[in-house]
Amino acid sequence: MQYQPKNLEAAIQKVWDDNETFVAKEDDNKEKFYCLSMFPYPSGKLHMGHVRNYTIGDVISRFQRMQGKNVLQPMGWDAFGLPAENAAMQNNRAPAEWTYSNIDYMRNQLKSLGLGFDWSRELATCHPEYYRWEQWLFTQLMKKGLVYRKMSQVNWDPVDQCVLANEQVIDGKGWRSGAPVEKKDIVQWFVKITDYAEELLQDIDQLEGWPEQVKTMQKNWIGKSTGLEISFPIEGKENQFLKVYTTRPDTLMGVSYLAVAADHPVAHKASIHNEPLERFMEECTHTSTAEADIETMEKKGVDTGVRVRHPITGEIIPVWAANFVLMSYGTGAVMSVPAHDQRDYEFAKKYDLPINAVILPEGEESVDVSEAAMTEKGVLFNSGQFDGLKSNDALEAMAKVLHEQEMGEKKTNYRLRDWGVSRQRYWGCPIPAVYCPACGVMPVPEEELPVRLPEDLVPDGAGSPLAKLEEFKNCTCPQCGGRAKRETDTFDTFFESSWYYARYTSRDCTTGMLDKAAADHWLPVDQYIGGIEHAILHLLYARFFHKVMRDEGLVSTDEPFKNLLTQGMVLASSWYTEDASGKQTWYSPLDVEPEMDDKGAVIGGKLKEDGTAVQYGGIIKMSKSKNNGIDPQTLIEQYGADTLRLYIMFAAPPEQTLEWSDKGVEGCSRFINRVWRQVHSHVEAGPVAACTSSEGLGKDAKALRLKLHETLKKVSDDMGRRMTFNTAIAACMELLNDISKFNVNDDADRALMQEAIEILVLILSPMTPHMSQSLWESLGNDGLVVDVNWPDVDESALVKSEIELMVQVNGKLRGKIEVAADADKDSILAAAKADEAVQKFIEGKDLVKEIYVPGRLVNLVVKG
RNA sequence: GCCCAGGUGGCGAAAUUGGUAGACGCAGGGGACUUAAAAUCCCCCGGUGGAAACACUGUGCCGGUUCGACUCCGGCCCUGGGCACCA
């Protein structure tokens, strides 16, 4: 019987569908397990990153179900976003229509992978039944004072008259118009995530099932610091101060200038009679708003002419406007101490500003700042009354003096900024606010929700379509009944993805955002799986939303995700040619024959079609722009979903990047075929009951049964605790190698084969559910594999009479000895010293130390 | 620039708590089967020296701790992710 995955997989998927195998119901008799993979943006087709994400989730779900848990594994669509608008402009198609057809296509793709989703809970964030509840939550936050409006900067395309996302700004120019981008101030909605900064920070310690690296990134992002907020009196302006915040108050006596943002009010005022400053400020409006750009930009500045007085020494200090100071951070002004901060140092060198050293390295007499800043903490000097103080004690001392003079206060600061949620875009959730000329800004009343997004618009890239749509914009004031205007901005799409995990528990609830009982039953998510690229923003916003929902009485826990698995990206080799103008054309790795040097390193390649030489672009993330994506669909058709799933899980542990290899897929296909043939050749000889004990088995059979239960033990641990599916699969491969070498001589051997093969089929089933289901039936069993209990390890099969120990001399492996499993230390050491290979290295030398690690090794330390 | 990861054969990787470096798979080489090919099965496979036994060497680079380091510590190099409007 040949392995033909295409028909087999479709038939088994139909059985799952017909039986509603994966529809989850609340059941208090079983432990619940909520397994969630990050939902996809419906971009058109599944890519390999999706396949990886959802396969990992499905393997975990199936494993947990076989552990007897009641598993919920839902799926939905992160349906709002920019790509729909871009596609709309290109194809003159409405984003809604494009999105819905993508969803239909991708749903079928997911089904063909055999993923055990509860489709009855499917949701799409662009459905009004979904987004009405985030609108509702937002109006609650408005009433609570947790949202506000303020001016903030956006990238503005002066030609297309629209706001650009950071990724749409290429080399400072708009991606479509090519016009230099400008910064523009507009009024936008902000959510006060900073009110929860401390709790978001503290609760990270509760997240025991999160990777350490993600927790560290979140801590650093929130960026709690304690420092001083210091007021510098402005010269010639009675009672006017420039405020700065510093985490290094110990360097206060070394301040040589203050730097303010180019759009700081002080700079604005000063620019009126200062032409170079005015020019500089104008120049600063033509830079990107992205932090990475600002931080890597050449540091520039201009003297504003404004002077302040040092709050302690009274010294006159210049105020510069600088392009690296951001108005949106802290007070928009910083104190600069070139001697002890490298960026300030470079700026001071460039503009010939004084460099005053005030910190000595601990235990030293002098400090050299002729080449670079000394950024370590130490002991204060040149600091008048503070001389001799340690850096760490300076905060209290400075705070006391400044407090008395009302020139400064100790302050806790967070790097985290409030969440700007306004987007001047069409394909998003409308922000439920109304502007009345008489009554002001107010929330849309609950009974008028949802504010529906019209779904038939086709954006043209010039401005926001909603802002141009009078029938959307015009409304009546809920308070006075007069004519009013609706908000035409939409939410940041992170808004939708911040609570979808909760909505799955009560998707059909029409009376509230969540059904409390259902939400309490399933939440928190037991296992969340998604890309490492979401380590900060998405996960932080979702944690924040959860706390907000908790404070609204909607959920009962502090945190949404108990365990987190951050999966690595999927990479493939990349190939390109470059024309005279430097324009690159990228080719699919499937179309290229690589060429290697003697050492096997890739040096180039040729197109399979016509032999054109192409250059190697390295192994990089699969992406449309580099044309190195591998379409999962063709692989499913060629090898079947089980082979693709097995390869994805075998090629690397889940957190690591995964490099695509078509040869590797073939290897997995070979393995599946070997399992298939092994089962069928065993079954051909007729039915047999599985072996249940090692008693009475011959030597080889005993050894195979040992291997079988060792493998079961390892695979259970790898899949349940370690989540290293690659090593679990490797163990299954080893087991199959042993099974196929085993000679069946009698009925007892056949019974052992039955046991071994049944266990192999079961433990592979999370990865290869279709194959396992089919083989399970061939082995004479009824029912669904997914409802079978995970097999138990027979501990008695694991008992060994003899063990092998390594013998080292001075830490180098010199021999191996076979000893009884219960041998004592002295006899083991004696055996080690008696070993012929070991003898050569200890003969005639002084034995100075003997180390015995039970079950592992002996190390003999000799001298001379 | 800042924050966080990663770096082990020709390649993907393994070594779980400091204790046999390279399991498993891919590629490659040799053989069996076949008229032949594919498929399948068996053997070899880090480097250097050696007929072999075996020895030396080897986990990005430099240094340290230890009886013993891929694993711990300090410094550096390279690659990747994130940096608040891609999702």
Side-chain angles (χ1 to χ4, degrees), chain A residues 38 40-41 43 78 81-83 154-155 163-169 211-214 216-217 219-221 223 289-297 299 324 328 342-343 416-417 419-420 422-425 492-494 497 531-538 540-541 566 568-569 571 596-602 618-621 647 650-653 655-661 663-668 670-671 673-674 677 714 717-718 721-722 724 726-727 729-734 737 740 804-813 816 837 848-851 853 856-857 859-862:
Chain A
M38 288 182 184
Y41 178 78
S43 53
D78 188 12
L82 260 189
V154 293
N155 300 310
V163 176
L164 297 175
N166 283 334
E167 72 156 7
Q168 296 175 317
V169 180
E212 218 45 56
Q213 82 193 86
V214 176
T216 308
M217 282 192 262
K219 276 181 194 163
N220 292 339
W221 186 261
T289 58
E291 190 187 302
D293 293 337
I294 292 161
E295 290 285 328
T296 49
M297 205 160 57
K299 310 289 179 284
F324 57 85
S328 50
Q342 192 55 31
R343 187 174 65 184
L416 180 69
R417 308 196 299 254
W419 180 10
S422 298
R423 297 292 180 269
Q424 297 67 45
R425 310 212 179 276
D492 176 4
T493 54
F494 275 127
S497 55
I532 183 67
E533 65 272 22
H534 296 293
I536 296 175
L537 291 179
H538 162 63
L540 191 68
Y541 291 141
T566 48
M569 294 173 312
L571 315 179
M596 285 138 188
D597 67 10
D598 305 341
K599 286 182 177 167
V602 178
I619 294 169
I620 54 171
K621 183 178 173 171
Y647 172 73
F650 177 62
E655 313 79 36
Q656 254 174 69
T657 55
L658 183 148
E659 287 178 27
W660 181 254
S661 151
K663 287 287 193 282
V665 178
E666 280 172 30
C668 286
R670 265 200 290 273
F671 172 72
N673 274 288
R674 281 182 66 200
R677 285 196 307 270
K714 177 172 173 55
D717 187 47
D718 283 353
R721 179 182 63 89
R722 293 214 304 153
T724 53
N726 55 329
T727 53
I729 295 165
C732 291
M733 288 173 168
E734 280 186 58
N737 289 343
S740 57
E804 195 185 35
L805 290 181
M806 301 303 121
V807 184
Q808 297 181 337
V809 178
N810 289 346
K812 283 191 177 180
L813 181 70
K816 297 175 186 180
V848 292
K849 205 170 180 182
E850 295 171 345
I851 291 147
V853 184
R856 288 270 184 192
L857 58 69
N859 188 13
L860 305 169
V861 185
V862 296

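Please read these numbers as outputs of a predicted model, since none were measured by experiment. Throughout, protein chains are lettered first and strands after them, A, B, ... in sequence-line order, and every chain is numbered starting at 1.
The side chain of A:Val861 sits closest to B:C67 out of B:A14, B:A84, B:C67. The A:Arg417 side chain lies nearest to B:A84 when the options are B:C41, B:A13, B:A84. In this structure, the nucleotide among B:U16, B:G1, B:G81 sitting nearest to the side chain of A:Glu295 is B:G1. Checking B:U16, B:C41, B:C85 against every side-chain atom of A:Asp717, the shortest atom distance belongs to B:U16. Comparing B:C85, B:U20, B:A84 by their closest approach to the side chain of A:Leu537 singles out B:A84.
Across all strands, A:Pro40 comes closer than 4.0 Å to no nucleic acid atom at all (heavy-atom distances). Within the nucleic acid shown, A:His538 has no heavy atom closer than 4.0 Å to any nucleic acid atom. Using a 4.0 Å heavy-atom criterion, one finds that A:Leu857 contacts the bases of the nucleic acid, with or without backbone contacts as well. Across all strands, A:Phe494 comes closer than 4.0 Å to base atoms (heavy-atom distances). Across all strands, A:Glu734 comes closer than 4.0 Å only to sugar-phosphate atoms, never to a base (heavy-atom distances). Across all strands shown, A:Ser661 has no heavy atoms under 4.0 Å from either base or sugar-phosphate atoms. At a threshold of 4.0 angstrom between heavy atoms, the contacts of A:Trp221 include nucleobase atoms, whether or not backbone atoms are also involved. A:Phe671 comes within contact range of no nucleotide atom at all, as no heavy-atom separation falls under 4.0 Å. Backbone-only engagement by A:Met569 is indicated by non-hydrogen atom pairs under 4.0 Å involving sugar-phosphate atoms exclusively. Using a 4.0 Å heavy-atom cutoff across all strands shown, A:Leu416 reaches at least one base atom of the nucleic acid. Among the heavy atoms of the strands lying under 4.0 Å from A:Ile536 are primed sugar atoms or P, OP1, OP2 only; no base atom is included. A:Ala535 comes within 4.0 angstrom of nothing in the nucleic acid, heavy atoms only. Note on A:Thr493: only backbone sugar-phosphate atoms sit closer than 4.0 angstrom, heavy atoms only; bases stay farther off.
Taking atom CG of A:Asn859 as the reference point, atom P of B:G19 lies 13 Å away to the nearest angstrom. Remark: C1' of B:C43 and CG of A:Asn737 are 14 Å apart, rounded to the nearest angstrom. Between A:Asn155 atom CG and B:C83 atom P the separation is 14 Å, expressed in whole Å. Distance A:Lys621 NZ to B:G6 C1': 16 Å, rounded to the nearest Å. In this structure, CZ of A:Arg425 is placed 10 Å from P of B:C85, rounded to the nearest angstrom. Atom CG of A:Leu540 is separated from atom P of B:C83 by 13 Å (rounded to the nearest Å). As a whole-Å value, the separation of A:Met733 CE from B:A13 C1' is 12 Å. Rounded to an integer number of Å, the gap from CZ of A:Arg856 to P of B:A21 is 12 Å.
The base of B:C3 is not paired with the side chain of A:Asn220 by any donor and acceptor separated by under 3.5 Å. Side-chain atoms of A:Glu659 stay outside donor-acceptor range of the base of B:C11, with no qualifying N/O pair under 3.5 Å. Between the side chain of A:Lys812 and the base of B:U57, no donor-acceptor pair of N or O atoms lies under 3.5 Å. Residue-to-nucleotide contacts include a donor-acceptor pair under 3.5 Å from the side chain of A:Arg721 to the base of B:U16.
Base pairing of B:U35 is not made with any nucleotide, judged by Watson-Crick or G-U wobble geometry with both donor-acceptor distances under 3.5 Å. Remark: B:U79 base-pairs with B:A5; criterion is Watson-Crick or G-U wobble with both hydrogen-bond distances under 3.5 Å. Base pairing of B:A21: no nucleotide in any strand meets the Watson-Crick or G-U wobble criterion (both distances under 3.5 Å). In a base pair of the Watson-Crick type (N1 to N3 plus N6-O4 or O6-N4) or a G-U wobble (N1-O2 and O6-N3), with each distance short of 3.5 Å, B:A51 is matched with no nucleotide. Pairing for B:G74 goes to B:C62, judged as Watson-Crick or G-U wobble with the two contacts each under 3.5 Å.
One finds a side-chain N or O of A:Arg722 lying less than 4.0 angstrom from the OP1 or OP2 phosphate oxygen of B:A15. For A:Arg670 and B:A39, the shortest distance from a side-chain N or O to OP1 or OP2 is not below 4.0 Å. OP1 and OP2 of B:G12 both lie 4.0 Å or more from every side-chain N or O belonging to A:Asn726. OP1 or OP2 of B:C85 lies within a sub-4.0 Å distance of a side-chain N or O belonging to A:Arg423. Residue A:Lys663 places no side-chain N or O under 4.0 Å from the OP1 or OP2 atom of B:A27. In terms of phosphate contacts, A:Gln656 brings a side-chain nitrogen or oxygen within less than 4.0 Å of OP1 or OP2 of B:A13.
Within the 4.5 Å cutoff, no side-chain heavy atoms of A:Thr289 are placed close to those of A:Val154. Here the side chains of A:Asp492 and A:Trp419 are in contact, with some heavy-atom distance below 4.5 Å.
Nucleotides B:G80 and B:G68 place their C1' atoms 33 Å apart, quoted to the nearest Å. Comparing the C1' positions of B:G25 and B:C77 gives a spacing of 31 Å, expressed to the nearest Å. Rounded to whole Å, the C1' atom of B:C54 lies 37 Å from the corresponding atom of B:G6.
Base orientation at B:G9 is syn, since its O4'-C1' glycosidic dihedral falls within 90° of 0.
Checking side-chain atoms of A:Asp717 against main-chain N and O of A:Arg722 turns up no donor-acceptor pair under 3.5 Å.
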